[in-house]
2 protein chains.
Amino acid sequence: MATKTTDLSSEEKIKAAARNIFTKKGYAATRTRDIAREAGINLALLNYYFRSKEQLFELVMLENFGQFISGVRSLLHDKKSTLDEKIEALADFYISQLIGNPDLPLFIINQLHSNPAVLLSKGFTRDILLRSHFVKQLSQELRAQKKKNPNPLHFVMNLFSMIILPFIASPLIKQVGNLSEKQFKQVMEERRKLIPFWIKNMIHHP
Amino acid sequence: MATKTTDLSSEEKIKAAARNIFTKKGYAATRTRDIAREAGINLALLNYYFRSKEQLFELVMLENFGQFISGVRSLLHDKKSTLDEKIEALADFYISQLIGNPDLPLFIINQLHSNPAVLLSKGFTRDILLRSHFVKQLSQELRAQKKKNPNPLHFVMNLFSMIILPFIASPLIKQVGNLSEKQFKQVMEERRKLIPFWIKNMIHHP
DNA sequence: GTCTATATACGGATAGAC
DNA sequence: GTCTATCCGTATATAGAC
């Protein structure tokens with residue numbers, strides 16, 4: 001193990017470069033030569049450590065995916081927090097994640113389309129959402145408010161949509177909104193508080 | 001020109017097949033051989049008509065993109081409709097489009113990331129949104145309601161996020177929501193009315 | 001216009017020296 | 001562990017016959 005972050009082992013340098021490029025360009029458009037160059041090592045070494053492009057990709061993908069659902073399961077199943085606290089925590093957690101790693105959701109979504117089985121078999125079992133304490137609390141509140149459509153899925157979609165889509169569509173939003181990178185992040189920061197506010201209104205109100 | 005839809009010219013058959021495969025798999029993962037096979041013609045013919053994979057892709061991309069923004073410009077700039085009517089019309093128009101063509105938004109978003117210049121130079125100039133009548137009406141209403149954050153961009157993002165993201169994330173939603181393809185479409189149909197309702201509340205209320 | 005056959009390039013992977 | 005050199009499959013593109 002190396003001690004400086006700038007002096008990682010070759011294996012780590014390859015993984016870091018691979019994560020970068022795979023996440024930005026996707027599997028098919030990524031060249032193993034590009035990974036090797038960015039890692040500052042030789043192409044042969046990549047295969048020495050990871051055997052193939054495919055295996056390297058799987059590794060990176062699962063690590064990315066893990067990062068994406070880490071925290072969610074415990075957040076959703078927490079018995080002690082209220083519904084509103086969970087909503088605030090989810091928005092806060094994801095927006096922080098995404099500001100630091102804005103290419104992640106598009107990568108995962110693309111993977112979900114081209115090869116759904118892998119990810120779906122890993123973490124996204126049905127119990128993660130439908131049987132969570134979060135959905136129990138949400139359903140109860142929706143019934144109490146006598147909503148015309150009390151399907152909790154709609155509100156879960158709304159929450160995650162408002163959080164995630166702006167990052168996925170960021171090139172477009174910067175263009176039509178005339179925002180610099182810095183301004184874009186600022187706007188996303190605003191949404192950290194605004195989204196829970198909107199969602200709570202949507203749930204508790206008329 | 002052929003008269004039956006099942007007996008298109010070779011050029012049209014290639015374009016149709018290309019749109020299918022490019023839209024589903026993206027540029028890098030698409031093989032021109034697959035396009036040729038699906039079109040029922042020979043690989044050489046594809047190059048005879050379109051010179052290269054790249055040019056064929058550009059063509060399909062711009063047509064897809066055109067379809068995606070068609071109607072929006074006129075909807076957004078319509079001087080006669082009210083703010084609420086525009087919101088309803090936008091949700092209605094896009095959800096119809098997306099139920100019929102669910103792969104389109106992800107295709108466009110990927111293109112926007114890998115090669116932003118092409119699409120951004122084509123249709124998404126600043127005036128399409130920021131100087132639209134829609135945003136004028138929206139800004140006015142937000143100021144009238146004395147919102148803490150009256151930036152209209154937030155509400156535009158919310159509207160499009162709630163419409164588009166569920167289609168992009170459909171494999172995931174079907175899984176965690178335990179929905180069949182048919183049930184998924186049903187849920188999206190529900191959103192056609194629900195989204196305008198939520199957005200209007202968000203704008204007009206507290 | 002449409003095909004078969006082929007040239008050419010590219011990218012993933014390996015052999016083998018150090 | 002790391003490199004250079006190279007193999008080999010695959011994919012795009014073209015030549016040329018019909």
Using the 3.5 Å cut-off, write out each protein N or O paired with an N or O of nucleotides 16-18 of chain D and the distance between them.
none

Whole Å only: how far is the CG atom of B:Asn42 from the C1' atom of D:dA11? 14 Å
Taken to the nearest whole Å, CD1/B:Ile14 to C1'/C:dT2 is 10 Å
Test salt bridge (Lys or Arg N to Asp or Glu O under 4.0 Å) on A:Lys15 and A:Glu63 and set out the steps. CA-CA 10 Å; A:Lys15 272 175 58 175; A:Glu63 285 187 10; 3.0 Å; yes
Length of the line joining B:Ile41:CD1 and C:dT4:C1', which is rounded to integer Å: 14 Å
Side-chain H-bond candidate by donor/acceptor type, A:Thr30 with A:Lys25, under 3.5 Å: no
Within residues 100-116 of chain B or reaching into it, pairs that qualify as side chain to side chain donor-acceptor pair (under 3.5 Å) - sequence neighbours excluded: A:Asn110-B:Asn110
Under the side chain to side chain donor-acceptor pair (under 3.5 Å) definition, can you give me all pairs with a residue in residues 152-169 of chain A, not counting sequence neighbours? A:His154-B:Glu190, A:His154-B:Arg191, A:Asn158-B:Arg191
Parallel, tilted or perpendicular for B:Phe22 and B:Tyr27, by the 30°/60° rule? parallel
For DNA chain D, which residues in residues 46-65 of chain A have a heavy atom at a distance below 4.0 Å? A:Tyr48, A:Tyr49
Please confirm whether the backbone N or O of A:Phe68 pairs with a side-chain atom of A:Tyr94, one donor and one acceptor, at under 3.5 Å? yes
Can you tell me how far P of C:dG12 sits from CZ of A:Arg37, to the nearest Å? 12 Å
Does anything in residues 27-36 of chain A reach DNA chain D, meaning a heavy atom under 4.0 Å, and if so which residues? none
Measure the spacing between NE2 of A:His77 and CZ of A:Phe134 and express it to the nearest 0.5 Å. 12.0 Å
Do B:Arg73 and B:Ser132 meet the criterion of a side-chain donor-acceptor pair at a distance under 3.5 Å? no
Summary of side chain to side chain donor-acceptor pair (under 3.5 Å) pairs that have at least one residue in residues 175-186 of chain B, sequence neighbours excluded: A:Arg126-B:Asn178, B:Lys174-B:Glu181, B:Ser180-B:Gln183
Residues A:Glu88 and A:Lys200 bridged, charged N to O under 4.0 Å: yes
To the nearest angstrom, the CD-C1' distance between B:Glu11 and C:dG1 comes to 11 Å
B:Thr32 and B:Lys53: side-chain donor and acceptor closer than 3.5 Å? no
Would you mind telling me which of D:dC3, C:dT4, C:dT2 lies closest to the side-chain atoms of B:Leu45? C:dT2
